[in-house]
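See below for the structure under consideration.
Below, chains carry the letters A, B, ... as their sequence lines are ordered, and counting in each starts from 1. These numbers come from the heavy atoms of this one structure, side chains and all, not from hydrogens, waters or symmetry mates. Computed from a prediction, not measured in an experiment: that's the story for all the values here.
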There are 2 protein chains.
Amino acid sequence: MKLLEDRIRKDGVVKEGHILKVDGFLNHQMDVELFDQMGKEFKRLFADAPINKILTIEASGIGIACVVAQSFHVPVVFAKKAKSLNIDGEVYASKVESFTHKRVYDIIVSKKYLNPGDHVLVIDDFLANGCAVMGLIDLINASGATLEGVGIAVEKGFQQGGKMIRDKGIHLESLAIVDDMDDATGEIFFREQ
Amino acid sequence: MKLLEDRIRKDGVVKEGHILKVDGFLNHQMDVELFDQMGKEFKRLFADAPINKILTIEASGIGIACVVAQSFHVPVVFAKKAKSLNIDGEVYASKVESFTHKRVYDIIVSKKYLNPGDHVLVIDDFLANGCAVMGLIDLINASGATLEGVGIAVEKGFQQGGKMIRDKGIHLESLAIVDDMDDATGEIFFREQ
């Protein structure tokens, strides 16, 4: 998606260790008008899928998911990273290893909000090693719901998550795929799509 | 806001200990079409304020804030609850006591995304003891930005947060104020607004 690639080139910051910071518009400060354009693009890319629910994970996936959901006219469910006293006991759970925080955590969704009749689109801001998305797919599989696809804002094409998910035959759409970055020059190289 | 009150009556669940569960449409599964109506109502209520940014706190505030922000055509910044390795060192920080999780945590916002020229609307899903909102106001004050007001989906009118904030002369708008609940009958009593 050219609009997103242009924005990443303009406002993304490349740091040592293949870190791409997009917190000015994607995951700390959030440009909701950009999210709306991303939602329309996901709607085009998943036009044929009978999606009735969007699943994401706290925290930075929630904003994108909620704006994208407006293009699909469906509710959003977000997986929580720790058990809250406000969640009923009956939950689906999976384990996720965080690249950013260097730890393993549980993700949970109330069984009330994922059902066998659901057709689910997974939305997240970033795809790197794929652990968060695989955890969300675990929850969907445990519920008996149907996974219709995965929509990602920014995929790090040089990590294995994208290949792993595509190799499973899952319909994955990443609006921008970063294949390489140069922290000396700040250059970002996108995959042709 | 009658639409929200009706939805709380229909889908909210009253539990012992003055707990109101609205996780079917507000803070676990999220009805983004309802959020859009809430956004239009906040826009009406804060029509005269020169708001250029919305500030919220992860996780359950983010979805509402992002959809509401579309009515204001402004970006959203969300305060994070723990220091992430992906955040630059330069942050504003405050402490918040969580009623739900029974602990004290730090909230932080990058100094890049709150500035003296900003006119900020705080948005959150719930207002109870007011600690989260007061923490966000701390961050705004530390940055030199102007607080234009606070918009809340559901205020627990029987806790002190709403009174505390209004007593400071802050423009607070809660779309539904629950003054009492009966966990035996499930009845919910809203304040006339």
Worksheet item: Taking atom CG of B/Asp182 as the centre, does the number of heavy atoms from other residues, nucleotides or ligands within less than 6.0 Å exceed 12?
Response: yes
To check you understand the geometry: which heavy-atom pair defines the closest contact between [X] and [Y], and what is its length?
| X | Y | answer |
| --- | --- | --- |
| B/Val74 | A/Val32 | O-CG2, 3.6 Å |
| A/Gly63 | B/Ile62 | N-CG2, 3.6 Å |
| B/Phe78 | A/Ala59 | CE1-CB, 4.2 Å |

Worksheet item: Going through the distances and angles, do A/Gln70 and B/Val67 end up as a side-chain contact (heavy atoms from CB on, under 4.5 Å)?
Response: CA-CA 9 Å; A/Gln70 293 183 293; B/Val67 175; 3.5 Å; yes
Would you say [Y] ends up clustered with [X] if hydrophobic residues are merged whenever their side chains have heavy atoms under 4.5 Å apart, either directly or through other cluster members?
| X | Y | result |
| --- | --- | --- |
| A/Met1 | A/Ile177 | no |
| A/Phe42 | A/Leu3 | yes |
| A/Leu26 | A/Val13 | no |
| A/Phe189 | A/Ile152 | no |

Kindly indicate whether the side chain of [X], heavy atoms from C-beta on, has any atom under 4.5 Å from the side chain of [Y].
| X | Y | value |
| --- | --- | --- |
| B/Cys66 | A/Met30 | yes |
| B/Val109 | A/His28 | yes |
| B/Lys112 | A/Asp23 | yes |

Worksheet item: Top residue by heavy-atom pair count (under 4.5 Å) with chain A, among B/Val76, B/Asp36, B/Asp31, B/Leu34?
Response: B/Val76
Worksheet, complete the sentence: One option among B/Ala79, B/Ala65, B/Pro75 has the most heavy-atom pairs under 4.5 Å with chain A, and it is B/Pro75
Worksheet item: In Å and rounded to the nearest 0.5 Å, what is the NZ to CG distance from A/Lys80 to B/Asn27?
Response: 5.5 Å
